[in-house]
Amino acid sequence: MRIPQGIADAAGGVRRLRFLVVGLGLAMLSAGCASESSSSAPSPSVTEGVVRVASFDFSENLILAEIYAQALRQAGIPVELLPNLGTREVIQPALEQGQIDFVVDYLGSALEAADAGNPAAHSSLGHARMELQRVMAGEGVTVLAAAAAQDQNGFAVTRRTARGLSSPTISALSPTASSMVLGAPPECAERPYCLQGLESLYGLNFARIDVIDTRAATATALQTGEIDVGLLETTDARLAEGRFVLLKDDKGLQPRENVIPLVRRPVIDEYGQTLTDAVAAVTSRLKTAVLVELNRRVEVDGRSPAEVASEWLGS
């Protein structure tokens, strides 16, 4: 994921003006609820019959929110989509307070945000999900089944560089890392699942770290040889083009980041199996390679998340 949301800094803070964003985001939600009621407290969606599906503020999550929202509508469930609502610091409290009803999250980041330091984020899928459900149950949130698809931090090289490694793994960088340049976002240096982990777990000490703000720029820098290793998420759209090799995290630095729907319990009670069956039908089809392709259609081809979601559901 985008330097896992939920890691450090109150569960993650990637690209965040934390307190300002939280305040503004929740104030907007509350204002929206208050406009339909004299009370300042948000109205639960089940009283309105509408399931509020929110997305984080990056394109992959909006694609996923569109897919689930459209699937729920096809099942006859009324849905309001709240796209790009904000970062985890906005989304998580909104879900816990009942201001939104449905979020497509990422397992390890969600667990770290809800229960910082819980080692289950690196354990089996079943154990990690069980731990997240245990923590979220007290907030009135149900953790549905996770998808096979994972969006983790990944480290990529060109095909030419990969041919010079003993294996397509991060460990294989060890003999040459001291002469290589790593390209990564500015927060990488302070993240345990980025530079800190590469140094402490893998023993990699790069010759230089180039700060690169976007994944598109990272891909360009890899292609032109300005950097030797670049941070690209495991679902990055550019991986579909075949120019890069994503190195295997052979020592398990990254937490488990399976796509996982989180739903308010009253919504489950209201719509029951109709909702859970619709969600399960989507979740069962989501693989990491599918996310790479969906991201490519939006980020490279320039198509809208709604169009891509509709096409994929109909395929």
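Computed from heavy atoms alone, side chains included, the values below leave out hydrogens, waters and symmetry copies.
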Chemist: Does the pair Glu241 and Arg238 meet the rule for a salt bridge (charged side-chain N to carboxylate O under 4.0 Å, His left out), with working shown?
Modeler: CA-CA 5 Å; Glu241 300 171 354; Arg238 284 148 285 270; over 6 Å; no

Chemist: Do side-chain atoms of Asn61 reach the backbone of Val104 as a donor and acceptor pair under 3.5 angstrom?
Modeler: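 Yes, the answer is positive, given that a donor and an acceptor are paired below the 3.5 Å cut-off.
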
Chemist: Just to verify, what does Ala237 make a side chain to side chain contact (heavy atoms under 4.5 Å, CB included) with, not counting sequence neighbours?
Modeler: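 Ala237 satisfies side chain to side chain contact (heavy atoms under 4.5 Å, CB included) with Asn295, Arg296, Glu299, Val300 once adjacent residues are dropped.
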
Chemist: For Thr161 and Thr158, which I'm curious about, is there any donor-acceptor pair between the side chains at under 3.5 Å?
Modeler: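 Their side chains do contain a donor-acceptor pair, which is all the 3.5 Å distance test asks for.
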
Chemist: For Lys287 and Ala148, work out which heavy atoms get closest and say how close.
Modeler: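 For Lys287 and Ala148, the tightest heavy-atom pair comes out as CD-CB, 3.7 Å.
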
Chemist: Could you tell me which non-hydrogen atom of Gln150 sits nearest to which non-hydrogen atom of Pro255, and how far apart they are?
Modeler: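 Gln150 and Pro255 have their closest heavy atoms at OE1-O, 4.3 Å.
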
Chemist: Walk me through it: do Thr87 and Phe56 pass the test side-chain contact (heavy atoms from CB on, under 4.5 Å)?
Modeler: CA-CA 6 Å; Thr87 62; Phe56 291 105; 5.8 Å; no

Chemist: So that I can tick it off, tell me whether Asp101 and Arg264 are bridged by a salt bridge, with the cut-off set at under 4.0 angstrom between side-chain N and carboxylate O.
Modeler: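 Looking at Arg264 and Asp101, the cut-off is not met.
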
Chemist: Are a donor atom and an acceptor atom from the side chains of Glu257 and Ser109 found within less than 3.5 Å of each other?
Modeler: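 There is such a pair between these side chains.
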
Chemist: Under 3.5 Å, side chain of Ser55 to main-chain N/O of Asn84, donor-acceptor pair present?
Modeler: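 Yes, because the side chain of Ser55 sits within donor-acceptor range (under 3.5 Å) of the backbone of Asn84.
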
Chemist: Is there a path of hydrophobic side-chain contacts, each under 4.5 Å between heavy atoms of I, L, V, M, F, W or Y residues, that connects Ile227 with Val245?
Modeler: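 Ile227 and Val245: separate clusters.
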
Chemist: Less than 3.5 Å apart, any donor N or O on the side chain of Ser171 or Thr169 sitting next to an acceptor on the other?
Modeler: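 Side-chain D/A pair, Ser171 to Thr169: absent.
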
Chemist: For residues Val103 and Val141: do they belong to one hydrophobic cluster (side chain heavy atoms under 4.5 Å, members Ile, Leu, Val, Met, Phe, Trp, Tyr)?
Modeler: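 Yes, one cluster joins them.
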
Chemist: One pair to check against side-chain contact (heavy atoms from CB on, under 4.5 Å): Leu204 and Ile170. What are the steps and the verdict?
Modeler: CA-CA 9 Å; Leu204 302 181; Ile170 296 176; 3.8 Å; yes

Chemist: Between the side chains of Gln74 and Gln70, does any donor sit under 3.5 Å from an acceptor?
Modeler: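 No pair is found: no donor N or O on one side chain lies under 3.5 Å from an acceptor on the other.
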
Chemist: So which heavy atom on Ala309 is nearest to which on Ile63, and how close?
Modeler: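 Closest approach of Ala309 to Ile63: CB-O, 4.3 Å.
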
Chemist: Could you pull out all residues at least two apart from Phe102 that satisfy ring pair (Phe, Tyr, Trp, His ring centres under 6.0 Å)?
Modeler: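 With sequence neighbours excluded, Phe102 shows a ring pair (Phe, Tyr, Trp, His ring centres under 6.0 Å) to Tyr68, given in chain and number order.
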
Chemist: Looking at every heavy atom in both Ala219 and Arg243, which two are closest together, and how far apart are they?
Modeler: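 Looks like CB-NH2, 4.4 Å.
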
Chemist: With a 3.5 Å distance limit and no angle check, can you tell me whether Arg129 reaches the backbone of Leu107 through a side-chain donor-acceptor pair?
Modeler: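 No; judged by distance alone, with no hydrogens or angles, the pair does not exist.
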
Chemist: Salt bridge or not for Arg303 and Glu307, using N-O below 4.0 Å?
Modeler: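 Yes, this pair counts.
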
Chemist: Distance from Leu62 atom CG to Asp57 atom CG, nearest 0.5 Å?
Modeler: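 One gets 10.5 Å once the value is rounded to the nearest 0.5 Å.
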
Chemist: Think Arg285 forms a cation-pi with Trp312, using NZ or CZ under 6.0 Å from the six-ring centre and within 45 degrees of its axis?
Modeler: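 Yes, a cation-pi geometry holds between Arg285 and Trp312.
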
Chemist: Assess whether a salt bridge exists between Lys251 and Asp249, defined as any Lys/Arg side-chain N lying under 4.0 Å from an Asp/Glu carboxylate O.
Modeler: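 So Lys251 does not pair with Asp249 through a salt bridge.
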
Chemist: Of all heavy-atom pairs between Ser124 and Arg256, which one has the smallest distance, and what is that distance?
Modeler: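 That closest heavy-atom pairing would be C-NE, 3.6 Å.
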
Chemist: Return yes if a side-chain donor-acceptor contact under 3.5 Å exists between Ser179 and Arg208, otherwise no.
Modeler: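 No, no side-chain donor-acceptor contact under 3.5 Å.
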
Chemist: Which heavy atom in Ile91 sits nearest to a heavy atom in Ala54, and how many Å separate them?
Modeler: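 Nearest pair, atom of Ile91 first, then Ala54: CD1-CB, 4.1 Å.
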
Chemist: Looking just at side-chain N and O atoms, do Glu233 and Thr235 make a donor-acceptor pair shorter than 3.5 Å?
Modeler: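 No donor-acceptor contact under 3.5 Å links the two side chains.
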
Chemist: Please check if any side-chain donor atom of Glu60 sits under 3.5 Å from a side-chain acceptor atom of Tyr106, or the reverse.
Modeler: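 Indeed, the side chains of Glu60 and Tyr106 share at least one donor-acceptor pair under 3.5 Å.
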
